[in-house]
2 protein chains.
Amino acid sequence: MSVSVDNFLKNVYLLNQETGSPVTSSHLAGRLEISVAAVTDMARKLGAQGLLDYRPYKALTLMPAGKEVALKIVRKHRLWELFLYEVLKMDLMSVHEEAEKLEHHTSDDLMEHINRFLGHPDFDPHGDPIPGIGGRIPSEKGVVLLREIGEEEACIVAKLRYRNAETSEMYDRFGLKKGIRLKVVRMFPFDGSIEVEFPGGREVVLSEKLAQNIFCIKQ
Amino acid sequence: MSVSVDNFLKNVYLLNQETGSPVTSSHLAGRLEISVAAVTDMARKLGAQGLLDYRPYKALTLMPAGKEVALKIVRKHRLWELFLYEVLKMDLMSVHEEAEKLEHHTSDDLMEHINRFLGHPDFDPHGDPIPGIGGRIPSEKGVVLLREIGEEEACIVAKLRYRNAETSEMYDRFGLKKGIRLKVVRMFPFDGSIEVEFPGGREVVLSEKLAQNIFCIKQ
DNA sequence: TTTTTAGTTTAAGGTTGCTTAAAATCGCTT
DNA sequence: AAGCGATTTTAAGCAACCTTAAACTAAAAA
């Protein structure tokens with residue numbers, strides 16, 4: 001499997017997970033930062049290999065073999081992220097970019113050494129589940145979007161979705177971290193923004209766009 | 001820098017180090033397992049970029065900028081090898097192949113995190129020196145080829161040069177390891193083979209070809 | 001139903017890094 | 001000094017992955 005193929009399949013998987021909607025060529029092209037034509041090309045090729053269900057003008061769906069490849073790469077990505085963060089003490093902001101490269105050049109054997117070293121973890125430092133070798137995904141019971149928490153209710157941040165360097169920077173700026181306790185003060189239906197209270201009493205308004213990447217567990 | 005460019009420069013450097021003789025296109029082609037024509041192509045390209053001193057029909061020499069690239073890759077390779085061996089407890093036989101891939105996809109920042117984690121080491125698990133960031137190479141004072149040791153003299157193995165999976169397997173088979181004590185029993189000028197005694201009295205004859213990869217320190 | 005338009009596919013072409021095969025050059029031997 | 005064998009370069013071409021631009025489709029709007 002080449003890097004391009006791996007990345008293609010991985011992003012079909014992730015895009016579908018994150019949006020919950022069918023993956024179109026243009027979505028994927030945007031995410032991979034390549035032309036739509038290049039997506040069509042690759043999709044047809046992977047279709048022929050039985051990795052992708054490709055039918056002209058239809059949404060892209062992973063076939064079982066393709067999903068297996070995707071999950072393996074996601075596993076490697078998330079294990080690397082945790083390793084870089086926990087063991088090498090790298091900045092949470094850099095681990096994504098590093099893992100993005102390493103994931104494609106890591107043998108299964110090396111990955112299992114890292115897995116063992118980490119003690120077979122279930123979640124990466126952003127709170128995302130690490131798929132198992134068999135493809136099983138650790139459950140995130142009770143984890144919901146911040147917007148699902150009612151006003152005046154408290155919650156524990158369980159997952160801060162990585163979008164790009166900017167989101168990470170904003171998390172940092174606000175002091176948002178996995179495990180932190182937040183109280184939802186007010187929701188503003190007008191623009192979907194949410195006011196929360198940090199431990200210590202500091203109150204902050206989070207934009208809808210940012211809040212959509214914040215997951216937590218009701219308390 | 002692409003992987004191919006990195007590998008090209010690295011192997012010009014290593015080939016020159018190991019043989020001590022000028023690096024020809026065919027030598028390099030053999031080592032990189034690509035055609036001689038491909039070497040010429042790349043050499044001309046790197047010449048134009050000021051990385052390599054390329055003149056038709058002449059031996060290949062690194063220019064300062066190219067040597068810098070080469071040393072950086074060698075540094076990354078050897079740091080990774082040590083890390084995989086010491087921290088992740090991987091097999092000495094596999095670390096080379098893994099490092100061969102990782103070295104090209106590791107940022108300077110990540111590398112320094114690993115360097116720090118390892119305590120700024122000077123030698124990799126095969127005993128090869130790890131170039132510093134400035135390109136300084138830790139000295140290997142007193143390290144000589146096994147054949148330089150006189151008969152009836154003892155020495156400590158300092159370095160077992162990695163050639164391929166087979167050499168590693170042979171080291172294993174014989175029980176050759178960095179730090180082990182050997183006594184040279186006899187040298188056979190006929191075929192260059194060397195008879196050595198292991199701790200415990202076991203005596204073994206090593207072929208010239210194998211012995212040429214064994215370095216040690218006189219005792 | 002027809003038209004519009006957003007989205008997708010096809011077509012033609014570029015770059016990188018490789019290949020094989022033919023031509024050129026080097027430098028040694030006689 | 002000329003020729004020969006070994007090495008290197010040039011030439012032509014291929015596969016992967018990408019591009020832009022033109023042609024096409026599908027599904028919503030008129």
Side-chain angles (χ1 to χ4, degrees), chain A residues 1-13 15-16 19-63 65-66 69-70 73 100-101 103-105, chain B residues 1-16 19-63 66 69-70 73 100-101 103-105:
Chain A
M1 289 296 138
S2 75
V3 172
S4 302
V5 169
D6 284 354
N7 260 334
F8 190 100
L9 296 171
K10 178 184 78 165
N11 283 291
V12 171
Y13 175 80
L15 203 46
N16 179 247
T19 66
S21 41
V23 175
T24 70
S25 301
S26 38
H27 278 166
L28 195 55
R31 182 162 175 133
L32 293 172
E33 299 189 276
I34 60 178
S35 68
V36 185
V39 169
T40 300
D41 253 25
M42 183 65 96
R44 198 160 8 75
K45 199 183 84 181
L46 298 184
Q49 292 178 232
L51 294 166
L52 194 73
D53 182 9
Y54 171 69
R55 336 181 120 207
Y57 297 104
K58 292 276 165 60
L60 304 170
T61 323
L62 291 176
M63 305 223 31
V69 174
I73 297 292
E100 202 70 13
K101 293 178 287 172
E103 63 187 12
H104 305 294
H105 305 280
Chain B
M1 289 300 135
S2 76
V3 172
S4 301
V5 169
D6 284 355
N7 259 333
F8 191 98
L9 296 171
K10 178 184 78 166
N11 282 290
V12 171
Y13 175 80
L14 290 177
L15 203 46
N16 178 245
T19 65
S21 41
V23 176
T24 70
S25 301
S26 37
H27 277 166
L28 195 54
R31 181 160 176 135
L32 293 172
E33 300 189 274
I34 61 179
S35 69
V36 185
V39 170
T40 300
D41 252 24
M42 183 65 96
R44 197 158 10 71
K45 200 182 86 182
L46 297 185
Q49 290 179 232
L51 294 165
L52 194 73
D53 183 9
Y54 171 68
R55 334 178 124 210
Y57 298 103
K58 292 276 165 61
L60 304 171
T61 322
L62 291 177
M63 305 222 33
V69 174
I73 298 291
E100 202 69 13
K101 293 179 286 173
E103 63 187 9
H104 305 294
H105 305 279

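Small disclaimer: the values here were computed from a predicted structure and weren't measured. Order of the sequence lines sets the chain letters (A, B, ...), proteins ahead of strands, with each chain counted from 1.
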Would you sort out whether A/Leu62 and A/Asp53 count as a side chain to side chain contact (heavy atoms under 4.5 Å, CB included), showing the intermediate values?
CA-CA 6 Å; A/Leu62 291 176; A/Asp53 182 9; over 6 Å; no
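Between B/Lys58 atom NZ and C/dT25 atom C1' there is a gap of 12 Å when expressed in whole angstrom units. Between the CG atom of A/Leu46 and the P atom of D/dA16 there is a distance of 12 Å, given to the nearest Å. Taking atom CG of B/Asp41 as the reference point, atom P of D/dA11 lies 11 Å away to the nearest angstrom. Going from atom CG of B/Asn7 over to atom C1' of C/dC18 covers 14 Å, rounded to whole Å. Rounded to whole Å, atom P of D/dC17 lies 12 Å from atom CZ of A/Phe8.
Taking side-chain N and O atoms only, A/Tyr54 has no distance below 4.0 Å to OP1 or OP2 of C/dT8. For B/Arg44, no side-chain nitrogen or oxygen approaches OP1 or OP2 of D/dT8 to under 4.0 Å.
Near DNA chain C, meaning a heavy atom under 4.0 Å away, the residues from residues 25-40 of chain A are A/Ser25, A/Ser26, A/Val36, A/Ala37, A/Thr40.
Nearest-nucleotide positions on DNA chain D place A/Val5 closer to the 5' end than the other of A/Pro56 and A/Val5.
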Can you give each donor-acceptor pair under 3.5 Å made by side-chain atoms of residues 34-43 of chain A, sequence neighbours left out, with the distance rounded to 0.1 Å?
| unit_1 | atom_1 | unit_2 | atom_2 | d |
| --- | --- | --- | --- | --- |
| A/Ser35 | OG | A/Ala38 | N | 3.2 |
| A/Thr40 | OG1 | A/Val36 | O | 3.3 |

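Closest to the side chain of A/Lys45, from the set D/dT25, D/dC17, C/dA24, is D/dC17. Considering only side-chain atoms of A/Tyr57, the nucleotide from D/dC17, C/dC18, D/dT25 that sits closest is D/dT25.
Other residues, nucleotides and ligands place no more than 12 heavy atoms under 6.0 Å from the NE2 atom of A/His27.
Put simply, CG on B/Leu60 and CG on B/Leu9 are 10.5 Å apart, with the number rounded to the nearest 0.5 Å.
Two residues are said to be in side-chain contact when any heavy atoms from C-beta on lie closer than 4.5 Å; A/Gln49 and A/Val5 fail this criterion. The shortest distance between side-chain heavy atoms of A/His104 and A/Asn7 falls below 4.5 Å.
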